[in-house]
Amino acid sequence: PHTIYLKDYQAPDYLIDRTELLFDLKPNATLVTSRLLVRRNPDAVKDDEAGLPALWLDGIDLELLSIAVDGALLPAQRFREEAGGLSLTVDKPEFLLEIQTRIAPESNTSLEGLYLSNGMYCTQCEAEGFRKITFYPDRPDVMSVFTTTIVAPATYPVLLSNGNKVDSGTTEDGRLRVTWEDPFAKPSYLFALVAGDLQYVEDTFTTCSGRNVKLQLFTEARNIGKCAHAMTSLKRSMRWDEEVYGREYDLDIFMIVAVDHFNMGAMENKGLNIFNSACVLASPETATDTAFQRIEAIVAHEYFHNWSGNRVTCRDWFQLSLKEGFTVFRDAEFSADMNSRAVKRIEDVTLLRTAQFAEDAGPMSHPVRPDSYMEISNFYTLTIYEKGAEVVRMIHTILGAEAFRRGSDLYFERHDGCAVTCEDFVVAMEDANNADLKQFRRWYDQAGTPVLDVQDEYDAENATYTLTFHQHTPATPGQEEKLPLHIPVAVGLLGANGDALALDESDSKEKVFHLTEATQSFTLHGINERPLPSLLRGFSAPVKLRFDYSNTQLLFLMQHDTDAFNRWDACQRLALRTLEQLQTQYRAGDVLESPTALIDGFSAVLGHTELDPALVAKMLTLPSAQEMAEQGSEIDAEAIVAAREFVRSTIAGALKSRFLTRYHALDERKAYQPTAEDIAQRSLKNTCLAYLCNTGDEDALTLAQAQFERGENMTDVSAALAALVEYGAEGVAEERLASFYQQWQHDTQVVESWFGMQSSSASFGSLGRVRQLLSHPAFELKNPNKVRAVIGGFAMRNFKQFHREDGSGYEFLADQVIALDGLNPQIASRLVTPLTRWKKYRAREAEQIQGALKRIADSGELSPDLYEVVSKSLT
Ligand code: BAL
Ligand code: ZN
């Protein structure tokens with residue numbers, strides 16, 4: 001594999017004005033005929049006097065049957081098949097190119113291009129899957145109008161593609177034929193095709209200008225009862241995008257299809273979104289609140305791409321965050337508007353701090369706009385998505401909501417129908433507001449997580465309060481020197497009685513400081529008492545903030561901060577500090593000290609009945625082992641597990657009666673609704689239940705047992721089951737898991753969660769059990785969801801068992817990654833992530849993990865995906 005650089009970008013030599021595709025579907029011999037109207041690109045770098053350049057078409061795993069130019073077969077000396085594609089010498093600036101190829105969807109296990117999932121044909125073309133369907137300039141800056149005809153046996157009554165259906169009929173030999181036309185020019189990565197025996201639910205949406213849009217959600221017949229929530233979410237998203245961004249839907253129909261075998265969560269193909277079943281199908285009996293909320297967010301995300309991604313797309317894949325960062329920001333704001341804003345923010349920041357910060361500090365560290373890659377599939381990362389969204393959020397914070405909207409209006413208007421860059425986005429934001437984001441741009445090309453050290457000084461005599469900030473970003477691979485960033489820091493001050501202090505004469509209680517230098521001080525006047533600062537409110541920038549709070553101050557912020565996010569953050573800081581101290585005690589062989597400050601804090605939080613229960617649940621949730629690992633300079637897995645288990649069980653024991661009171665007060669019998677209020681109530685109730693069961697006391701386990709047996713909704717059932725599996729006796733856990741499987745074995749999504757619950761359980765998910773799950777009849781190595789549930793659940797969410805001191809967890813993961821690479825390189829390369837951070841572990845683990853990685857490297861020819869990650873990790 002070779003490295004591709006942003007600096008080498010060149011506009012395409014040829015454009016494709018029209019693309020007509022004909023698919024004759026057969027599992028092992030699908031014929032794909034393409035008719036492409038090709039035209040020399042007037043904007044290409046050129047020297048046509050020396051002759052027209054060759055036309056390069058990408059193509060992988062294709063059997064070339066014929067090529068014709070303007071109706072005549074192209075002689076063999078005018079084309080050459082090479083690794084990765086086809087080079088043609090045509091010597092005309094404009095021509096009709098017809099190519100016929102044969103492909104085998106049935107044997108396509110990579111799930112890129114055209115493949116079969118449970119007998120249904122479907123496609124995944126982003127980023128570079130279209131080249132597995134036919135020879136084509138498979139790059140996002142080649143935008144074309146597509147017409148697609150699908151011919152298939154009558155056993156595939158539903159034949160779908162992008163755009164509007166313009167024709168249908170039957171062929172002479174009785175097969176079905178349907179033609180779709182998409183009037184919006186698009187890159188090949190947004191192409192989609194589906195063929196299957198599917199049912200659908202239908203609804204309509206009237207757009208702000210009064211057009212009626214047909215909405216259809218397709219799935220296999222057995223899942224038809226699980227579509228309502230996604231449909232509601234879609235309609236809410238369509239309305240929200242009109243109201244908040246002024247974006248109206250543009251085709252007559254919008255379709256979603258649920259597919260069981262899918263590498264990603266979902267895909268925003270124009271007018272025909274394809275979804276991983278787990279990210280779209282839900283019913284109260286089968287899906288948890290978390291799944292309901294995930295579905296709402298992903299439906300919104302894919303829908304929002306219709307503008308941020310499809311109407312305005314990326315010039316090249318280095319610009320991926322242009323559409324992903326912006327769209328994640330849009331979907332996060334949508335979810336915040338639909339649910340608890342603070343809780344949504346807490347969840348997103350937790351993911352960022354746990355996984356994106358780790359990515360930033362690891363061997364795959366890259367900027368939001370990378371400058372090189374080997375395999376673009378490896379760059380669908382937390383940095384591109386989540387940090388990219390934080391960058392857009394900071395622009396929103398710096399400019400303000402109205403100015404941001406002016407900027408997005410200009411961006412969409414200026415670039416509609418074009419393939420553009422992150423720079424174009426920033427320029428639109430500047431131009432619409434006469435703003436200067438020159439220094440801010442560094443966020444796009446500087447990798448790594450900035451560290452912000454803060455000191456304060458109170459001058460009672462002059463009633464001034466000064467905050468001094470020092471920023472620095474650690475070096476990352478290939479980027480030794482870092483420059484100061486423009487960091488917006490939202491700040492509030494609390495007085496001794498807990499009230500918010502006025503920060504200026506206009507009585508504002510919050511201010512955003514704009515840091516632009518390595519060290520910078522800001523002084524506030526008229527501060528008549530020594531305040532307690534609430535810093536980086538709402539996590540106004542993706543940085544690590546360090547301020548020397550005392551435990552008492554953190555407890556005070558937990559009680560009084562008006563910023564809900566920082567209230568939670570104070571709790572996290574206290575917990576992380578406590579856990580770190582306990583790790584030190586554990587390593588020194590000392591007796592572990594009871595975490596009294598944390599117990600006091602949790603006790604006060606539990607007593608706060610007027611606080612949003614969802615926020616309380618978040619405050620009572622300890623940082624995960626992964627997050628703890630990310631904090632320290634060297635990871636000692638054993639000490640992390642010991643400290644965390646000790647704190648949890650000590651809190652559970654000390655506050656048992658408080659947890660019990662809250663549990664009973666929240667345990668109302670009522671019909672399931674996925675409303676923010678009910679979800680909040682269930683989340684706190686089940687947080688209490690988990691702590692109660694953590695005591696191991698019989699009465700607590702009986703409560704869980706009763707909740708499990710009541711079977712009211714999957715949220716409560718699976719929370720009870722998880723508690724029994726984690727804290728109940730082994731025999732009890734096995735029995736409940738078996739009865740649960742018996743009841744739900746027909747339901748793919750429930751079985752996937754059942755797998756995940758076991759493999760991620762610290763007490764139950766031993767390597768032996770995980771191996772047994774791999775031989776379970778419902779497990780399929782070819783299904784990414786099952787792989788993520790069992791192998792991912794173990795390697796990414798079961799810190800204790802994965803890091804067993806004999807290193808067997810690492811060896812197991814290496815074996816699975818090697819086996820998967822031959823089937824599905826994207827999944828193999830994602831799954832190897834836990835092995836890539838070996839340098840951060842203690843010597844023994846580091847050596848074991850590095851050994852496992854080396855074994856993968858030496859196991860034979862790796863896919864480009866896996867090669868890139870493994871080789872960079874071993875460097
Ligand atoms: N574009 C790939 C899936 C997503 O981010 O929506
Ligand atoms: Zn996306």
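Note that ligands are numbered from 1 as they come in the structure, with each ligand's atoms numbered from 1 the same way.
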A.B. asks: Could you tell me whether the side chains of Asn378 and Asp865 share a donor-acceptor contact shorter than 3.5 Å?
C.D. replies: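 No.
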A.B. asks: OG of Ser188 to CD of Glu126: how many Å apart, nearest 0.5 Å?
C.D. replies: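 Between atom OG of Ser188 and atom CD of Glu126 there are 10.5 Å.
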A.B. asks: Looking at Ala192, is its backbone amide N or carbonyl O close enough to the side chain of Asn162 to form a donor-acceptor pair, meaning the two atoms are under 3.5 Å apart?
C.D. replies: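 At least one qualifying donor-acceptor pair exists.
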A.B. asks: Where the Zn ion (ligand 2) is the centre, what is the NE2-to-NE2 angle for His301 and His305, rounded to 10°?
C.D. replies: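 It comes to 100°.
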A.B. asks: Taking His261's backbone N and O only, do any of them form a donor-acceptor pair with Tyr115's side chain (distance below 3.5 Å, no angle check)?
C.D. replies: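 Such a contact is found between Tyr115 side chain and His261 backbone.
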A.B. asks: Is there an N/O/S atom in Glu324 that lies less than 2.8 Å from the Zn ion (ligand 2)?
C.D. replies: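 Under 2.8 Å: Glu324 contacts the Zn ion (ligand 2) through an N, O or S atom.
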A.B. asks: Looking at Lys344 and Glu347, does any basic side-chain N land under 4.0 Å from a carboxylate oxygen?
C.D. replies: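 No salt bridge links Lys344 with Glu347.
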A.B. asks: Which heavy-atom pair separates Tyr444 from Pro367 by the least distance, and what is that distance?
C.D. replies: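 So the minimum-distance heavy-atom pair works out to O-CB, 3.4 Å.
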A.B. asks: Would you find more than 12 non-hydrogen atoms of other residues, nucleotides or ligands less than 6.0 Å from Tyr373 atom OH?
C.D. replies: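 Yes.
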A.B. asks: Tell me, which residues have any heavy atom less than 4.0 Å from some atom of ligand 1?
C.D. replies: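 Within 4.0 Å of ligand 1, the protein residues are Glu126, Met264, Ala266, Met267, Glu268, His301, Glu302, His305, Lys323, Glu324, Tyr385.
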